[in-house]
Amino acid sequence: MSVPVIAIDGPSASGKGTVAKRVAQALGFHYLESGALYRLVALASLRTGLAPDDAAGLARLAETLDVRFSGDSVVLDGEDVSLALYDERCGERASRVAQHPAVRSALLARQRGFRRPPGLVADGRDMGSVVFPDAALKVFLTASADERARRRYNQLKQKGIHANLRALSRDLAARDARDTARAVAPLKRAADARALECSSLPVDAVVETVLNWWRAGQRGASG
Ligand code: DC
């Protein structure tokens, strides 16, 4: 039997990371934050001065990334880059490098490598549509643009990173537009994904809803 996957997709700052992590914890599953991989390619490209339109160079970078995930830390070439990764400049560059099909396919095997027993919860843009099309449960989270800007603002503040709410709101809108309009694996709800509008839902309620869907599916599968 194949290792079960729960795919949680949605736009920037929709809360998918927090929800996915908590669902993984509750089930004792592994967790993949696929956005971190795109952010890592972005960070490495910013550091090495690689242009955002150099698709072949970026794909090579994606294939050879020396990265380790340990607890909440992300280690790139032996350096803890957990903070640098969530800089908005890195998010913006990530959305650009993610447009290249060669970069996306270079990251495909790496992402699928996270699928290990007893199961995986993966969050991103195309977890249900492209990376794990056979996921046992697919969820597409949405939240209003204002709510997402506010969440990202609080997230950054918590990490001690300076942010401006108006600028954040504008940047999120630009990234959403780019992620939705790109030709390959755009941000889009898979036909078989369950949508959840969570602007006014506390995170506990979102986690509980996903867990209930999962349990109901398990009962359905065994009965
Ligand atoms: O989830 P995030 O905001 O950390 O992702 C950063 C960027 O990476 C996002 O703007 C688009 C890209 N991305 C993607 O194209 N596909 C994914 N599965 C995850 C992220």
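Just follow the structure's listing: the first ligand is 1, and inside any ligand the first atom is 1.
More than 12 heavy atoms of other residues, nucleotides or ligands sit less than 6.0 Å from atom CZ of R189.
Close approach of ligand 1 to D179 is summarised as follows: ligand atoms under 4.0 Å from at least one heavy atom of the residue are 9 (C), 10 (O), 11 (C). Proximity to A98 (heavy-atom distance under 4.0 Å) selects the following atoms of ligand 1: 12 (C), 15 (O). Residue-ligand proximity, S34 to ligand 1, at heavy-atom distances under 4.0 Å covers atoms 17 (C), 18 (N), 19 (C). In summary, the atoms of ligand 1 found under 4.0 Å from a heavy atom of R39, numbered by their order in the structure, are 2 (P), 3 (O), 4 (O), 6 (C).
Summarising the geometry of L120 relative to F29, their closest heavy-atom pair is N-CD2, 3.6 Å, with the distance given to 0.1 Å.
Counting only heavy atoms of the protein, atom 3 (O) of ligand 1 lies nearest to R175 NH2, 2.7 Å. For atom 2 (P) of ligand 1, the closest non-hydrogen atom of the protein is R125 NH2, 3.6 Å. Protein heavy atom at the shortest distance from atom 8 (O) of ligand 1 is Y38 CB, 3.5 Å.
Using a 4.5 Å heavy-atom cutoff, the side chains of V5 and R115 are in contact. At a threshold of 4.5 Å between non-hydrogen side-chain atoms, the residues R194 and L137 count as touching.
Within the structure, ligand 1 has K16 among the residues with a heavy atom less than 4.0 angstrom away. Residue contacts with ligand 1 include R182, since one or more of its heavy atoms lies under 4.0 Å from the ligand. At a 4.0 Å cut-off, at least one heavy atom of M127 sits close enough to ligand 1 to count as contact. Close to ligand 1: R104, with a non-hydrogen atom less than 4.0 angstrom away.
Looking at S129, A174, A94 and measuring to atom 7 (C) of ligand 1, the nearest heavy atom belongs to A94.
Residue D126 places at least one N or O, backbone or side chain, under 3.5 Å from an N or O of ligand 1.
Counted by atom type alone, R104 and Y38 present one or more donor-acceptor pairs between their side chains at under 3.5 Å. Judged purely by distance below 3.5 Å, without hydrogens or angles, the side chains of R152 and Q155 pair a donor atom with an acceptor atom.
R151 places a side-chain N or O within donor-acceptor distance of the main-chain N or O of S14, the cut-off being under 3.5 Å. Checked by atom type and distance alone, the side chain of K138 pairs as donor or acceptor with a backbone atom of G128 at under 3.5 Å.
In summary, the aromatic rings of F114 and Y31 are positioned with their centroids too far apart to meet the 6.0 Å limit.
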